[in-house]
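Report on one structure; see the data block that follows.
All of these numbers come straight from a predicted model, not from anything done at the bench. Below, all heavy atoms of this structure are taken into account, side chains as well, without hydrogens, waters or symmetry copies.
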Amino acid sequence: MASSAQSGGTSGGPAVPTVQRGIVKMVLSGCAIIVRGQPRGGPPPERQINLSNIRAGNLARRAAATQPDAKDTPDEPWAFPAREFLRKKLIGKEVCFTIENKTPQGREYGMIYLGKDTSGENIAESLVAEGLATRREGMRANNPEQNRLSECEEQAKAAKKGMWSEGNGSHTVRDLKYTIENPRHFVDSHHQKPVNAIIEHVRDGSVVRALLLPDYYLVTVMLSGIKCPTFRREADGSETPEPFAAEAKFFTESRLLQRDVQIILESCHNQNILGTILHPNGNITELLLKEGFARCVDWSIAVYTRGAEKLRAAERFAKERRLRIWRDYVAPTANLDQKDKQFVAKVMQVLNADAIVVKLNSGDYKTIHLSSIRPPRLEGENMQDKNKKLRPLYDIPYMFEAREFLRKKLIGKKVNVTVDYIRPASPATETVPAFSERTCATVTIGGINIAEALVSKGLATVIRYRQDDDQRSSHYDELLAAEARAIKNGKGLHSKKEVPIHRVADISGDTQKAKQFLPFLQRAGRSEAVVEYVFSGSRLKLYLPKETCLITFLLAGIECPRGARNLPGLVQEGEPFSEEATLFTKELVLQREVEVEVESMDKAGNFIGWLHIDSANLSVLLVEHALSKVHFTAERSSYYKSLLSAEEAAKQKKEKVWAHYEEQPVEEVAPVLEEKERSASYKPVFVTEITDDLHFYVQDVETGTQLEKLMENMRNDIASHPPVEGSYAPRRGEFCIAKFVDGEWYRARVEKVESPAKVHVFYIDYGNREILPSTRLGTLPPAFSTRVLPAQATEYAFAFIQVPQDEDARTDAVDSVVRDIQNTQCLLNVEHLSAGCPHVTLQFADSKGDVGLGLVKEGLVMVEVRKEKQFQKVITEYLNAQESAKSARLNLWRYGDFRADDADEFGYSR
């Protein structure tokens with residue numbers, strides 16, 4: 001007990017009872033209380049004291065659940081007023097007491113005085129004086145204390161106080177109600193108005209038993225939004241406290257037990273009420289959190305009427321100071337600097353309905369995931385057909401709407417980013433793919449939480465967490481509330497309406513569809529589009545909303561540095577400033593709304609034209625920033641002057657693609673012409689294959705011996721370790737060995753697998769193709785891979801000629817070339833690069849005669865007129881040869897010049 005004192009007495013006199021002190025924790029009845037000591041490092045000791053010499057009525061008692069036949073016992077008359085008299089007088093007050101008698105069962109009887117010593121108010125006398133207790137029957141008044149009790153009782157009788165008043169005292173008997181038939185209706189009927197109550201019992205820090213006044217409902221109240229450590233009941237009936245459970249219970253007991261409070265009834269859970277207990281000295285819910293005795297719980301925090309943010313702030317206070325249950329707490333962003341926790345950034349791309357790419361002030365790019373939300377996904381009946389390629393943006397319900405919401409709200413705008421947690425990388429499992437480390441944050445713009453806005457529109461859902469998982473949004477409660485609103489209003493994913501379907505045709509690379517679509521786009525003039533992807537500075541993928549289709553779009557009028565390319569057997573490095581051009585285009589137009597003018601299309605089905613962003617021409621901007629040069633094809637365009645002036649200004653700055661530009665004096669015409677001379681640097685090659693579209697494959701003569709040596713060693717190796725027939729499972733794009741019709745093994749690449757009996761392969765050192773059964777294929781030994789010796793067959797096309805589109809005419813040209821150059825050595829010169837492969841001129845090794853020119857002379861092909869100055873001399877020679885063939889009515893020209901009237905029908909263009 002808190003303190004005790006021994007009263008002094010004369011030597012040899014009777015022993016004086018020890019005076020002890022304590023604080024009244026609880027009043028059990030009109031004649032029994034529980035007194036506790038002062039807390040020291042934990043809940044204090046306590047003991048029950050029964051008042052000597054008096055008797056008060058027994059309080060009501062509920063029948064034990066284990067005894068079905070037992071009945072509830074009601075209050076005895078004046079029992080509750082006696083208890084209330086003591087409760088109001090003593091709870092939380094300091095008293096002193098003396099123990100006069102202790103029964104064998106351990107019950108202690110004594111005198112209780114209000115205050116620090118026995119000079120204070122005698123509680124037993126006060127009770128008797130108010131007519132709330134009687135002297136015990138048969139007790140004789142043989143000492144001063146008993147005499148005073150007798151006097152007090154006589155006075156109460158005379159004044160007709162309490163039980164001595166007229167009547168039987170039935171009006172003091174409570175009509176206690178232990179259960180509520182309809183808890184939900186009961187809670188709603190109070191309309192969240194404070195209800196007067198007395199806290200009768202504290203089960204743990206956040207669960208109490210309360211007596212609601214004036215109707216005497218005895219209910220269990222769970223504090224909304226929080227949970228304290230509890231007492232776990234073991235199999236043997238004993239209770240094991242969780243860490244800080246006893247301390248949390250004492251914290252609540254010492255402030256609320258048997259106090260007059262007000263309770264706001266907020267919701268119900270089974271027969272238990274969820275509520276907030278209001279006390280003149282403060283809100284116990286927030287106090288428990290602030291002291292580290294409780295944690296917030298998601299399932300009930302939404303009903304907390306005073307705002308979930310107050311609870312989260314109180315919990316955050318305890319976490320930051322590592323109080324009690326948070327003693328081992330480590331913040332999710334503890335390892336981040338302040339500048340990395342909160343920053344302003346510009347949104348460059350929306351990756352998904354829950355992820356964006358932002359540009360930091362440092363110029364770096366960072367992917368940010370929106371905290372605690374999940375984007376739309378395929379579930380149940382909507383699961384994707386496995387035979388159909390999934391396009392998440394268009395095939396997953398509401399994914400397109402979610403992406404568009406973010407795109408329109410955020411692209412190009414500055415946002416505030418507050419990092420909530422870093423989700424570590426996770427390896428792949430059987431059902432879940434691998435994830436790299438993710439930075440999860442709350443992103444706001446103009447005070448609007450983007451994740452909350454998404455959820456409220458039903459375009460995302462909120463992730464549910466384990467209660468101890470702290471890696472969540474700092475505005476998690478707002479997200480839950482937004483989701484509840486979206487569900488209630490049937491928004492987006494929660495709608496009962498039919499799911500929106502987006503039928504988007506992808507015609508990029510589909511030449512046939514592109515041809516059909518071209519006239520429509522040309523007639524449309526400027527069309528609205530959204531840039532979906534940027535392949536390079538001048539090549540983009542566009543979504544046309546009116547036409548609901550995707551196209552590949554090439555910027556007209558410019559020559560942009562070519563990016564790096566992965567070709568069979570080697571990686572072609574990008575030209576200088578190709579990456580800068582791509583980044584420039586990305587930052588300017590990616591996912592922006594633009595206007596496009598389509599002028600034409602190329603052979604691969606890509607549309608060519610002009611793109612405008614905020615009234616600016618992207619081709620002109622690239623030239624202006626020295627990231628592209630003007631192409632001669634721009635001459636016939638209305639933008640030619642703008643392009644030329646932009647190029648001239650860029651040349652003067654001598655930056656990027658013009659870094660080495662040397663301005664030539666006007667009078668020095670000759671050097672300029674010389675600089676434009678065609679470069680003729682022929683190298684010896686061996687022609688190995690001619691294709692049906694008049695392309696051909698060659699081997700470099702200089703590396704021929706290396707190939708021969710590699711083939712010899714490889715065949716010896718295979719002979720000593722032959723592949724097991726049928727053991728190789730071909731996969732598209734994989735390098736392998738293939739047995740040709742001559743019975744020898746060659747290096748090859750799998751192009752297509754129709755079935756084990758039909759595998760399309762390409763012989764990487766010779767350029768020919770074949771369909772083989774998988775039994776004639778094997779694994780390529782690492783010692784002979786393309787890393788040891790790159791693929792030796794390189795594809796080229798003839799420069800300055802047009803391949804006939806008529807099948808018979810093309811076959812004649814191919815047959816002529818096969819007769820003349822297949823499996824022979826020639827001389828090759830690269831003239832210019834093109835989208836498919838380099839265009840070259842080829843000479844016979846002995847006569848040095850031009851193979852392409854020979855085809856033109858024979859009337860087997862037509863001339864492709866190019867406007868580059870360095871080619872004019874050779875183009876003139878080709879055109880003269882074409883005129884000779886035309887005059888002689890050779891092959892293509894046997895019916896005269898068909899191009900004037902029938903070019904379209906024949907598939908030719910001038």
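- Side-chain contact of E108 with N50: a donor-acceptor pair under 3.5 Å is absent, judged by distance alone.
- A salt bridge links E84 with R87: the closest approach of a Lys/Arg side-chain nitrogen to an acidic carboxylate oxygen falls below 4.0 angstrom.
- For the pair R306 and L311, the minimum side-chain heavy-atom distance is 4.5 Å or more.
- The CZ atom of R295 sits 10.5 Å away from the CG atom of L289 when rounded to the nearest 0.5 Å.
- Among all heavy-atom pairs drawn from Q192 and L265, the shortest one is CG-O, 3.8 Å.
- Other residues, nucleotides and ligands place more than 12 heavy atoms under 6.0 Å from the CZ atom of R312.
- Summarising the geometry, atom CZ belonging to F317 is positioned 5.0 Å from atom NZ belonging to K290; distances are rounded to the nearest 0.5 Å.
- A salt bridge between R316 and E309 is present, with a side-chain N of the basic residue lying under 4.0 Å from a carboxylate O of the acidic one.
- Closest approach of F250 and P44 over heavy atoms only: CE1-CD, 3.4 Å.
- Applying the side chain to side chain contact (heavy atoms under 4.5 Å, CB included) test between K25 and each of L90, I34, I91 identifies I34 as the sole match.
- Looking only at side-chain heavy atoms (C-beta outward), P280 and R259 stay at 4.5 Å or farther from each other.
- Taking 4.5 Å as the limit, every side-chain heavy atom of Q258 sits out of range of all side-chain heavy atoms of V24.
- Taken from CD1 in I301 to CG in L274, the straight-line distance is 12.0 Å, to the nearest 0.5 Å.
- Side chain of R21 to main chain of K116: a donor-acceptor pair is present (N/O by atom type, distance under 3.5 Å, no hydrogens or angles).
- No cation-pi contact links R233 to F231, judged by a cut-off of 6.0 Å to the six-membered ring centre and 45° from its axis.
- To the nearest 0.5 Å, the span separating CD on E154 from CG on L149 amounts to 12.0 Å.
- Looking at T172, its side chain does come within 3.5 Å of a backbone N or O of W78 through a donor-acceptor pair.
- Ion pairing between a basic and an acidic side chain is recognised when a charged N comes within 4.0 Å of a carboxylate O; K160 and E166 show such pairing.
- Exactly one of R136, K161, R135 qualifies for a salt bridge (Lys or Arg N to Asp or Glu O under 4.0 Å) with E153. That residue is R135.
- With salt bridges taken as basic N to acidic carboxylate O contacts below 4.0 Å, one links E121 and K89.
- Using modelled atom types, one finds no donor on one side chain facing an acceptor on the other under 3.5 Å when comparing R83 with S29.
- In this structure the side chain of Q262 reaches within 4.5 angstrom of the side chain of N196, judged on heavy atoms.
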Working for side-chain contact (heavy atoms from CB on, under 4.5 Å), residues E145 and N53: CA-CA 9 Å; E145 289 82 5; N53 304 324; 5.5 Å; no
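- The backbone N or O of S150 lies less than 3.5 Å from no partner atom in the side chain of Q155, so there is not a single donor-acceptor pair.
- Within the 4.5 Å cutoff, the side chain of I226 has no heavy atoms near those of the F293 side chain.
- Counting heavy atoms from C-beta on, the side chains of D470 and K319 come closer than 4.5 Å.
- The minimum heavy-atom distance between Y421 and P332, with the atom names listed, is CB-CB, 3.6 Å.
- A donor-acceptor pair shorter than 3.5 Å cannot be found between the side chains of Y476 and D420.
- Distance check: M222 CE to S206 OG gives 7.0 Å after rounding to the nearest 0.5 Å.
- In this structure a side-chain-to-backbone donor-acceptor pair under 3.5 Å is present from H279 to N281.
- Atoms CG and SG, on N58 and C31 in that order, are 7.5 Å from each other to the nearest 0.5 Å.
- Among residue pairs with one or both ends in residues 178-187, those qualifying as side-chain hydrogen bond (donor to acceptor under 3.5 Å, both in side chains) are R184-S267; sequence neighbours excluded.
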Test salt bridge (charged side-chain N to carboxylate O under 4.0 Å, His left out) applied to E483 and R464, step by step: CA-CA 12 Å; E483 186 176 56; R464 269 31 181 205; 2.6 Å; yes
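- Closest approach of N283 and T285 over heavy atoms only: OD1-N, 2.9 Å.
- Relative orientation of the W299 and H269 rings is tilted, given thresholds of 30° and 60° on the angle between their planes.
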